[in-house]
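A quick write-up on the structure given underneath.
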Amino acid sequence: MAGHLFEVDNLNIEFRRSDDKVYAVNGVSFSIGEGGTLGIVGESGSGKSVTMMSCIGLIRSNGTVKAGTAKFEGHDLLKMNRKQLEHIRGLEIGVIFQDPMTSLNPLMRIGDQIMEGMIEHHYATPRDAFDRTINLLGEMGIPEPKTRFRNYPHEFSGGMRQRIMIAMALACEPKLLIADEPTTALDVTVQMQILALLKEQQEKKNMSIAMITHDFGVATNFCDKIVVLYAGQVMEVAETKEFIRRPAHPYTIGLKNSIIEVGQRDRALKPIPGMAPTLTSPPTSCSFADRCPLVTDRCRNELPVLRQVDGNHMVACHRAEEVLNHAV
Ligand SMILES: Nc1ncnc2c1ncn2[C@@H]1O[C@H](COP(=O)(O)OP(=O)(O)O)[C@@H](O)[C@H]1O
Ligand code: SF4
Ligand SMILES: [Mg+2]
């Protein structure tokens, strides 16, 4: 079996606010193998972006990594200085940020923006970087790359801008790509095209991908393994086929039930009633208790720890076995 390219262990992150603290990430662990695709799934505010971005040194100034390791090829990124991280970011780890409009420079031609990273990281000479940019634009399905090279971000549609962002992230052939909600702002057809493009690149280069998404359907279609986050904790982690066949956490089942299938857009969406909590003290009971149809007194008094229920299938729920055996 291929080794782990990226391995997060017991990550804890806190944010200071004016008069309290937010416990945004609480003991999160997961790994991504070489060529593996991991879906990081959960509702908005569950800690997906903070988890991944803090591993590569992108954390807001009021945030602190309190504990944990984030090893990339065996080296802990959390121990690296700014310069070391800047070197790895873009070269070894590519990032597609959540909002293309804030990540692209509106005053710079898109071709120059794609070339910039390759030159800065000494990945290519300016001449080779130019040729590679033209090739990349073509591979990303952008028509007339030589002409489009000279255009500015506002001259492209949302879908095309997303393709440019992908080209930038892939420019130096990273081993790991972090894609933070890469298709959220796009309509369903464009969303599927972008995911297909990413998959094609992933397979061609045997690249690993961490796909951050609130859409359980995107994760099950795209990824071979999924980790479900809720209130900054891992609720369930397993291979995708296991998630489809036998989800074992009540929250995962809720996420699964809220998927809208393509072509069934008018089907009633069944969101899980209630909202994800913002924790202002470390969790000591099940964070999902207030929304869980299976809640018992034990859930309100005892923190469910992540434990193995089968093979590589891990769940943090006191009643996981009953869920698995359809006993509830
Ligand atoms: N700068 C910040 N200050 C205080 N709290 C923050 C900050 N950034 C994030 N958080 C907290 O961390 C939680 C997780 O945020 P985030 O990882 O962005 O969620 P998502 O799963 O939507 O990507 C938020 O709900 C919020 O409570
Ligand atoms: S531990 Fe209890 S409240 Fe939490 S998800 Fe499981 S059954 Fe529901
Ligand atoms: Mg996010």
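Numbering of residues begins at 1 and proceeds along the displayed sequence. Keep in mind that the numbers below use all heavy atoms, side chains included, and drop hydrogens, waters and symmetry copies. Order of appearance sets the numbers: ligands from 1, and atoms from 1 within every ligand.
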Check: D224/T37 side-chain N/O donor and acceptor closer than 3.5 Å: yes
Side-chain H-bond candidate by donor/acceptor type, T280 with D20, under 3.5 Å: no
Residue pair K48 / T213, side-chain donor-acceptor N/O under 3.5 Å: no
Which atom of R300 lies closest to which atom of A289, heavy atoms considered: NH1-CB, 3.9 Å
N, O or S atoms of the protein lying under 2.8 Å from the Mg ion (ligand 3): S49 OG
Among E200, E173, K175, side-chain contact (heavy atoms from CB on, under 4.5 Å) partner for K205: E173
Worked check of salt bridge (Lys or Arg N to Asp or Glu O under 4.0 Å) between E86 and K83: CA-CA 5 Å; E86 272 171 9; K83 213 167 161 206; over 6 Å; no
Distance-only donor-acceptor check, side chains E242 and H313, under 3.5 Å: yes
Partners meeting salt bridge (Lys or Arg N to Asp or Glu O under 4.0 Å) with R127 (sequence neighbours left out): none
Test log, rule salt bridge (Lys or Arg N to Asp or Glu O under 4.0 Å), inputs K71 and E7: CA-CA 5 Å; K71 288 187 182 159; E7 199 163 12; over 6 Å; no
Distance under 6.0 Å and angle within 45° of ring axis: R60 vs F15: no
Neighbouring protein N, O or S atoms of atom 8 (Fe) of ligand 2, below 2.8 Å: 1
Near ligand 1, at a heavy-atom separation below 4.0 Å: residues by chain and residue number: F15, V22, A24, E43, S44, G45, S46, G47, K48, S49, V50, R60, N62, T278
Gap between atom CD1 of I114 and atom CZ of F130 - 0.5 Å precision: 11.0 Å
Donor-acceptor side-chain pairing of Y230 and E236 below 3.5 angstrom: no
Passing option when L11 is tested against V234, V50, L78 for side-chain contact (heavy atoms from CB on, under 4.5 Å): L78
